[in-house]
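Data first, discussion second: the structure below is written as structure tokens.
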Amino acid sequence: MVKQGPKAPTYYHEWTQIPPRMPTRGPNAPSSHHGRHPQPPHRTTKHLRAPLPAPPQPPTSLPTAPGRPRPPSPCPPRLAEGRAGAGRTAHIRRGQPRAKGWKGPGFSSPRWARGLGGVKGREESSSMELGWLLWGAAVLLLLPVLMELSPAVNFALRIGFYYLLFFVCSALTAPVCLLVNGGRTVKNMRIIKTVVKTFKYFFGLRFEVKGLENFEVEGPAIIVSNHQSILDMMGLMEVLPDNCVQVGKKELMYAGTVGLIIYLGGVIFINRKSTSSAKMVMAEVAKTMATDNVKVWVYPEGTRNCTGDLLPFKKGAFHVAVQAQVPVIPVVYSSFTTFYNPKKNLFTSGKIKVEVLPPIETKGLTSDDVSELTDRCYRIMRETLFRLSGRPGEVKDSS
Ligand SMILES: CCCCC/C=C\C/C=C\CCCCCCCC(=O)SCCNC(=O)CCNC(=O)[C@H](O)C(C)(C)COP(=O)(O)OP(=O)(O)OC[C@H]1O[C@@H](n2cnc3c(N)ncnc32)[C@H](O)[C@@H]1OP(=O)(O)O
Ligand SMILES: CCCCCCCC/C=C\CCCCCCCC(=O)OC[C@@H](O)COP(=O)(O)O
């Protein structure tokens, strides 16, 4: 450290003092074409690390002893902040510890205001803190009441929390996946599954699963299931077998941290707006799933549907199964409508019954059989959906 004499101030000190008004015109005016005060030459963060050599003293500067209150700046507040290095990093430049009352971006009052405020300013700031605390406490106390009174608030908060869990957990899990498995691989699904399986406890959801043994087929398979809502991600992870990737719409890739984790998990992205491109991707999947020995999970409805019934099935999944000559394993989740309905702002706790059905063989089938295979699968799944949802008699009525 270079010892600084009183006559040899560094820029480090220069930056923390506020100069008197400089002439903006005439022979003494600074050379800057903006007509502002002369700036020290170093604008990088290097000045935070070591004091700089003493510069020639501008004759007009008013040295201010460190720690003494500074005179109010003649400059407008923004200029004063900029010149004097006020703001969140000023304490670093001055080599002082951060002010105790620092509350983060957006909360620190401008330096000129603090300087003028003195003790009164500090009192005001602590009463402001108390005000915020009281508001925070009031909101926290009111939330359960609001949730009880307003289904819309209840729904928004619960679904908002679900999204938040997704985004935060994805951000935390992505580095783990990268560290453990090094990049995009189906092995990451195990890690993702472990995390997502805990989400149900936050929402009071219970899963009753039957037929897991049906996943134990030799080699790859196509798994098809009904898709009711974003909550399906919990149901998916509840039963997901090893070495299984999902087919998802490509838009999911751009869902921030969720997109990243889905990408790392090996999800296959398709463009639903382009049948030819989606078919090409699916054809590629059919070729590689045998060599990679992976199961592929497809939502044949192609979109979410929370009506308590099934939408007509798209045929992509069944084409892939026939092309790869692998079995189709249907998985059915009971209807969410008793505890989840976005149209009615309903989102409470509930029980979901899941059934993994016996595999449907495709050996020997050709593309001519795809329509029939699709219909067969649809009928079985719909019947199961109604049975699991406690409405077995409705199958025939609504078909
Ligand atoms: C730690 C915190 C973690 C947080 C994250 C937690 C969890 C996430 C982790 C992982 C999970 C990710 C899960 C993602 C789920 C995503 C869910 C979705 O995105 S669903 C939407 C996307 N999926 C689908 O759409 C699949 C179903 N769709 C199809 O299969 C379609 O058929 C299609 C291939 C997309 C094409 O659809 P399109 O509407 O364009 O056409 P048709 O289906 O009508 O078909 C037209 C015509 O083409 C024939 N066809 C279709 N496919 C094929 C094919 N592969 N080969 C040959 N021919 C094909 C079809 O038979 C039609 O012809 P025809 O009418 O003569 O029969
Ligand atoms: C950098 C910030 C980026 C912000 C991006 C905000 C977008 C947030 C969107 C989603 C975040 C959570 C996604 C979890 C995965 C859910 C999978 C799912 O269920 O997808 C449904 C979908 O496949 C069917 O789509 P549609 O029913 O046709 O619709």
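Counting starts at 1 for both ligands and their atoms, following the listed order. We count residues from 1, following the sequence as given.
Checked by distance only, ligand 2 and Y163 stay at 3.5 Å or farther apart across all their nitrogen or oxygen atoms. In terms of polar-atom proximity, Y299 is not counted as a contact of ligand 1, lacking any N or O under 3.5 Å from an N or O of the ligand. Backbone and side-chain nitrogen or oxygen atoms of G316 are examined, and one is located within less than 3.5 angstrom of a nitrogen or oxygen of ligand 1. The shortest N/O to N/O separation between H319 and ligand 1 falls below 3.5 Å.
Remark: minimum distance from atom 25 (O) of ligand 1 to any protein heavy atom is reached at G302 CA, 3.6 Å. Summary of contacts: the protein heavy atom closest to atom 8 (C) of ligand 2 is F167 CZ, 3.7 Å. Distance from atom 53 (C) of ligand 1 to its nearest protein heavy atom, with residue and atom name: K279 CG, 3.3 Å. Of all protein heavy atoms, the one closest to atom 27 (O) of ligand 2 is R304 NE, 2.7 Å. Looking only at protein heavy atoms, the nearest one to atom 64 (P) of ligand 1 is K315 NZ, 3.9 Å. Counting protein heavy atoms only, atom 19 (O) of ligand 2 is closest to H227 CE1, 3.3 Å. Looking only at heavy atoms of the protein, atom 2 (C) of ligand 2 is closest to G256 CA, 4.2 Å. K314 CB, 3.7 Å is the protein heavy atom nearest to atom 28 (N) of ligand 1. Of the protein's non-hydrogen atoms, T303 OG1, 2.6 Å is the one closest to atom 28 (O) of ligand 2.
Using a 4.0 Å cut-off to heavy atoms of I270, the atoms of ligand 1 that qualify are 23 (N), 24 (C), 25 (O), 35 (C). For ligand 1, the atoms closer than 4.0 angstrom to any heavy atom of V267 are 12 (C). Every atom of ligand 1 is numbered from 1 in the order shown, and the set under 4.0 Å from a heavy atom of H227 is 17 (C), 20 (S). Close approach of ligand 1 to M189 (heavy-atom distance below 4.0 Å) involves ligand atoms 10 (C). Close contacts between ligand 1 and M282 involve ligand atoms 30 (O), 55 (N) [criterion: under 4.0 Å to a heavy atom]. Against a heavy-atom cut-off of under 4.0 Å, V258 is close to the following atoms of ligand 2: 13 (C), 14 (C). Close contacts between ligand 2 and F166 involve ligand atoms 14 (C) [criterion: under 4.0 Å to a heavy atom]. Against a heavy-atom cut-off of under 4.0 Å, V195 is close to the following atoms of ligand 1: 1 (C). Every atom of ligand 2 is numbered from 1 in the order shown, and the set under 4.0 Å from a heavy atom of A255 is 5 (C), 9 (C), 10 (C). Listed by number with element, the atoms of ligand 1 under 4.0 Å from a non-hydrogen atom of M237 are 7 (C), 9 (C), 10 (C). Of all atoms in ligand 2, numbered sequentially from 1 with element shown, those under 4.0 Å from a heavy atom of M233 are 16 (C), 17 (C), 19 (O). Of all the atoms in ligand 1, the ones that sit under 4.0 Å from a non-hydrogen atom of A317 are 30 (O).
Heavy-atom separations between E251 and ligand 2 are all 4.0 Å or longer. Residue contacts with ligand 1 do not include E301, since none of its heavy atoms lies under 4.0 Å from the ligand. Using a 4.0 angstrom heavy-atom cutoff, L236 counts as in contact with ligand 1. Ligand 1 has no atom lying under 4.0 Å from any heavy atom of A283. The shortest separation from a heavy atom of Y299 to ligand 2 is not under 4.0 Å, leaving the residue out of contact. Judged by the shortest distance from any of its heavy atoms, R304 lies outside the 4.0 Å radius around the atoms of ligand 1. Remark: distances from the non-hydrogen atoms of Q323 to ligand 1 include one below 4.0 Å. Ligand 1 has at least one atom lying under 4.0 Å from a heavy atom of L252. For the ligand labelled ligand 1, residue G265 lies outside the 4.0 Å heavy-atom shell.
Residue R158 places its CZ atom among more than 12 non-hydrogen atoms of other residues, nucleotides or ligands, all under 6.0 Å distant. Around the CD atom of E218, the shell of radius 6.0 Å holds no more than 12 heavy atoms that belong to other residues, nucleotides or ligands.
In this structure, the side chains of I329 and P359 come closer than 4.5 Å at one or more pairs of heavy atoms.
Of all the heavy atoms of K249, the ones lying under 4.0 Å from any atom of ligand 2 belong exclusively to the side chain. Only side-chain heavy atoms of Q246 come within less than 4.0 Å of ligand 1; its backbone N, CA, C and O stay farther off. In R272, the part holding a heavy atom less than 4.0 Å from any atom of ligand 2 is the side chain. At a heavy-atom cutoff of 4.0 Å, ligand 1 is contacted by no atom of S371, backbone or side chain.
When the options V245, T303, T275 are ranked by their closest heavy atom to atom 45 (O) of ligand 1, first place goes to T275. Distances from atom 1 (C) of ligand 1 to the heavy atoms of L260, V281, T173 show the closest one on T173.
Between the side chains of T307 and D309, no donor-acceptor pair of N or O atoms lies under 3.5 Å.
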